[in-house]
Amino acid sequence: MIDETAEEIREMRTHSSSVVAVKAARALRDLIDNDYPTVEEYVRALERNSNALRRANPSHASLVTTQRDIVERVRDAEPASVVEAKELTAAAIDDVVESVEQAKHEAAATLAERVEDGQTLLTHDYSSTVLEALETAAQDGKHLDVYVTEARPRHLGRKTARTLAAIDRIEPTLIVDGASGYYLPECDRVLLGMDCIVDDTYYNRVGTYPLAAAANDTGTPVTVAGSSAKLVDEGFRFENDFRDASEVIREPPEGFDVKNPAYDATPTRLLDSVVTDEGVREF
């Protein structure tokens with residue numbers, strides 16, 4: 001399961017960074033079912049497999065920090081036996097999963113409260129936190145119109161649009177990424193998830209920076225939502241993921257190069273607010 005989960009993360013078959021962190025944590029349970037002659041060999045196996053999961057997408061702050069937390073909790077406890085090491089691993093996994101999911105739910109609930117009935121919103125890519133917030137707002141009786149970008153080249157926005165289409169009181173409209181500036185004047189707010197915020201830089205799916213810049217020019221506030229674990233100031237260096245050219249163009253390029261970065265960097269000065277489980281930060 002660990003190899004399969006790492007491959008799933010690497011190929012971006014799981015889109016939300018919070019979901020990625022949870023899946024990776026749970027994948028480490030495979031080690032609990034295996035036999036190890038010594039504690040040292042078990043801890044080495046835990047470190048090796050955790051590193052493999054982290055390397056699958058080193059840009060995900062929540063993936064990196066949760067994996068690091070699990071390994072450190074086991075290693076620093078200096079277990080006296082393999083059985084104890086496995087028990088520590090299981091407990092650490094449970095705590096990490098609960099923490100990530102609870103933080104996401106709390107951030108979504110806070111965001112839902114800030115969404116008003118009758119608003120027209122715009123969102124980019126696929127964020128499980130934003131989707132949960134919009135569904136909660138709709139369940140509270142709010143009617144919403146939502147523009148959804150395609151999020152090229154993997155078209156993750158299509159999944160967002162399909163999810164929203166199944167929710168009563170929400171009317172989604174799928175648009176191409178380049179049309180966001182055309183529709184922003186109609187919008188009350190832009191709602192975005194986040195991969196992470198490191199110091200004064202917000203990292204998210206590529207296309208976020210031009211969207212935030214256009215929103216700033218049109219006076220449309222941009223709200224970012226996610227777990228507070230994604231706010232990082234030390235111990236993490238963002239590494240972009242450069243995807244295969246085949247995601248952009250099917251036939252091999254002849255006479256030109258293709259660049260396909262998965263994320264871009266947006267200055268936090270372009271944001272209006274960041275909503276997390278710890279509250280709301282205004283800019």
Side-chain angles (χ1 to χ4, degrees), residues 15-16 104-152 156-195 197 202-228 230-231 264 266-283:
H15 309 313
S16 165
K104 184 179 74 169
H105 295 328
E106 290 178 6
T110 301
L111 180 59
E113 293 174 358
R114 296 170 67 86
V115 172
E116 299 178 10
D117 182 35
Q119 281 189 323
T120 298
L121 308 167
L122 189 149
T123 191
H124 177 61
D125 193 46
Y126 182 94
S127 165
S128 59
T129 304
V130 170
L131 285 169
E132 182 177 337
L134 292 174
E135 183 173 15
T136 299
Q139 290 173 344
D140 289 341
K142 300 172 184 177
H143 293 77
L144 306 168
D145 291 310
V146 184
Y147 287 111
V148 183
T149 59
E150 281 189 307
R152 281 273 299 158
L156 303 182
R158 295 180 184 179
K159 182 178 179 181
T160 297
R162 292 188 184 102
T163 301
L164 293 175
I167 302 174
D168 290 340
R169 301 187 186 90
I170 295 182
E171 296 294 334
T173 300
L174 186 68
I175 62 173
V176 297
D177 293 5
S180 58
Y182 181 86
Y183 290 104
L184 276 169
E186 299 179 25
C187 298
D188 298 292
R189 185 172 296 274
V190 176
L191 299 184
L192 301 170
M194 64 170 145
D195 193 72
I197 294 178
Y202 160 50
Y203 296 96
N204 198 48
R205 184 72 60 215
V206 71
T208 298
Y209 182 24
L211 171 57
N216 186 66
D217 191 56
T218 59
T220 310
V222 177
T223 294
V224 171
S227 164
S228 59
K230 297 179 181 181
L231 307 182
D264 59 19
T266 301
T268 55
R269 60 178 171 78
L270 295 177
L271 307 180
D272 175 71
S273 56
V274 174
V275 177
T276 72
D277 49 297
E278 294 183 347
V280 180
R281 177 183 175 188
E282 306 283 354
F283 287 88

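Side chains included, hydrogens not; waters and symmetry mates left out as well; all remaining heavy atoms used.
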Leu134 and Leu191: side-chain contact (heavy atoms from CB on, under 4.5 Å), yes or no, with the steps? CA-CA 10 Å; Leu134 292 174; Leu191 299 184; 3.8 Å; yes
Can you check side-chain contact (heavy atoms from CB on, under 4.5 Å) on Leu192 and Val222, steps first, answer last? CA-CA 8 Å; Leu192 301 170; Val222 177; 3.8 Å; yes
Nearest-0.5 Å distance, [atom1] of residue [X] to [atom2] of residue [Y]:
X	Y	atom1	atom2	answer
Ile197	Thr276	CD1	OG1	9.0 Å
Glu278	Ser227	CD	OG	8.0 Å
Leu164	Lys159	CG	NZ	12.0 Å
Asn204	Asp125	CG	CG	6.0 Å
Arg205	Arg152	CZ	CZ	13.5 Å
Lys230	Tyr202	NZ	OH	9.5 Å

Which residue pairs pass the side chain to side chain donor-acceptor pair (under 3.5 Å) test when at least one of the two sits in residues 163-187, sequence neighbours left out? Tyr147-Glu186
Please, which pairs that meet side chain to side chain donor-acceptor pair (under 3.5 Å) have at least one residue in residues 112-123, sequence neighbours excluded? Arg114-Glu282
Option passing side-chain contact (heavy atoms from CB on, under 4.5 Å) with Met194 (candidates Val274, Leu271, Val130, Thr266): Val274
Tell me whether Asp264 contacts the main-chain N or O of Gly207 through its side chain, where contact means a donor paired with an acceptor under 3.5 Å. yes
Within the side chain of Lys142, is there an N or O that forms a donor-acceptor pair under 3.5 Å with the backbone of Thr136? no
I'd like to check Thr160 versus His124 (side-chain heavy atoms, cut-off strictly below 4.5 Å). Are they in contact? no
Just wondering, do Phe283 and Thr268 contact through their side chains at under 4.5 Å, heavy atoms? yes
For Leu121 and Val190, run side-chain contact (heavy atoms from CB on, under 4.5 Å): C-alpha distance rounded to whole Å, both residues' side-chain angles, the deciding distance at 0.1 Å, then the answer. CA-CA 6 Å; Leu121 308 167; Val190 176; over 6 Å; no
At their closest point, which heavy atom of [X] faces which heavy atom of [Y], and how far apart are they?
X	Y	answer
Ile170	Glu135	CD1-N, 4.5 Å
Ala215	Leu184	N-CD1, 3.5 Å
Ser127	Gly193	OG-CA, 3.4 Å
Ala161	Val148	N-CG1, 4.1 Å
Ala225	Thr129	CB-CG2, 4.0 Å
Ala133	Ala112	O-CB, 3.4 Å

Inspect the contact between Lys104 and Asp277 and indicate whether a charged nitrogen and a carboxylate oxygen are less than 4.0 angstrom apart. no
Stepwise side-chain contact (heavy atoms from CB on, under 4.5 Å) check, Thr208 with Leu211: CA-CA 5 Å; Thr208 298; Leu211 171 57; 5.6 Å; no
